[in-house]
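Right, one structure below, let's go through it.
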Amino acid sequence: EVQLVESGGGSVQAGGSLRLSCQASVSTSSGYCMGWIRQAPGAEREVVARIQTSTSIAFYADSVKGRFTLSRDSARNTLYLQMDSLKPEDTAIYYCAAYPSTSLLCRRGPSDWTYWGQGTQVTVSS
């Protein structure tokens, strides 16, 4: 069982930045797909960024490409999402999620991930 605890959400004006953190209760240094999944009101869940921890190669949704950056601190079992140039449409609850896998692309659907954090609200005002 992997427990994920997020932090770092909040309110910011458009164009601003936030950094989300996700600490895992166990080592996820290899063999896990980890990522951030967001849920906006009235919208479907979206995997905005994902990473295979064995390779540390990250993939991004087109909606955030060039603005969001995923990174990891293996020693702290922590995943980060740096969000820059935020837009009002980025407003959502952001969940850290993970599942054990050796998949290099981590393409599991947004509702099919195994482990979830409690979510953190990100609100971007115009």
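Values reported hereafter were calculated over all heavy atoms of this structure, with side chains retained and with hydrogens, waters and symmetry mates removed.
The shortest side-chain heavy-atom distance between Y60 and T69 falls under the 4.5 Å cut-off. Side-chain contact between S17 and V12 is absent, with no heavy-atom pair separated by less than 4.5 Å. Using a 4.5 Å heavy-atom cutoff, the side chains of L79 and L70 are in contact. Within the 4.5 Å cutoff, side-chain heavy atoms of Y115 are placed close to those of P100. Looking at heavy atoms from C-beta onward, L86 lies out of side-chain contact with Q13 at the 4.5 angstrom threshold. In this structure, the side chains of V48 and L81 come closer than 4.5 Å at one or more pairs of heavy atoms. In this structure, L4 and Q23 have side chains that are not in contact, with every pair of non-hydrogen atoms separated by 4.5 Å or more. Within the 4.5 Å cutoff, the side chain of L20 has heavy atoms near those of the M83 side chain.
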Practice task
Applying side-chain contact (heavy atoms from CB on, under 4.5 Å), run through R50 and W113 and close with a yes or a no.
Solution key: CA-CA 11 Å; R50 65 195 196 273; W113 293 52; 4.0 Å; yes
Problem - Derivation and outcome, side-chain contact (heavy atoms from CB on, under 4.5 Å), residues L104 and T55 - result: CA-CA 8 Å; L104 296 180; T55 65; 3.7 Å; yes
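Checking S27, S25, S29 one by one against N77, the side-chain contact (heavy atoms from CB on, under 4.5 Å) holds for a single residue, S27.
Under the 4.5 Å side-chain heavy-atom criterion for ILVMFWY residues, a single connected hydrophobic cluster contains both I93 and V47.
The side-chain hydrogen bond (donor to acceptor under 3.5 Å, both in side chains) analysis of residues 95-104, with sequence neighbours excluded, yields no pairs.
Under a 3.5 Å cut-off, the side chain of T91 and the backbone N or O of V124 do form a donor-acceptor pair. Side chain of E6 to backbone of Q118: a donor-acceptor contact under 3.5 angstrom is found. Between the side chain of T120 and the backbone N or O of G9 there is at least one donor-acceptor pair closer than 3.5 Å.
Taking every heavy atom of both residues into account, S126 and P88 meet most closely at CB-CG, 3.9 Å.
Within a 6.0 Å radius of CD in Q3, other residues, nucleotides and ligands contribute 12 heavy atoms or fewer.
To the nearest 0.5 Å, the span separating CZ on F68 from OG on S85 amounts to 9.5 Å.
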Please report, to 0.1 Å, the donor-acceptor pairs under 3.5 Å made by any side chain of residues 32-42, with sequence neighbours excluded.
| from | atom 1 | to | atom 2 | distance (Å) |
| --- | --- | --- | --- | --- |
| R38 | NE | E46 | OE1 | 2.9 |
| R38 | NH1 | D90 | OD1 | 2.9 |
| R38 | NH1 | Y94 | OH | 2.9 |
| R38 | NH2 | E46 | OE1 | 3.0 |
| R38 | NH2 | S63 | OG | 3.4 |
| Q39 | OE1 | R45 | NE | 3.2 |
| Q39 | NE2 | A43 | O | 2.5 |

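Looking at T78 and D73, their side chains never bring a donor and an acceptor atom within 3.5 Å of each other. When only modelled atom types and interatomic distance are considered, T53 and R72 share no side-chain donor-acceptor pair under 3.5 Å.
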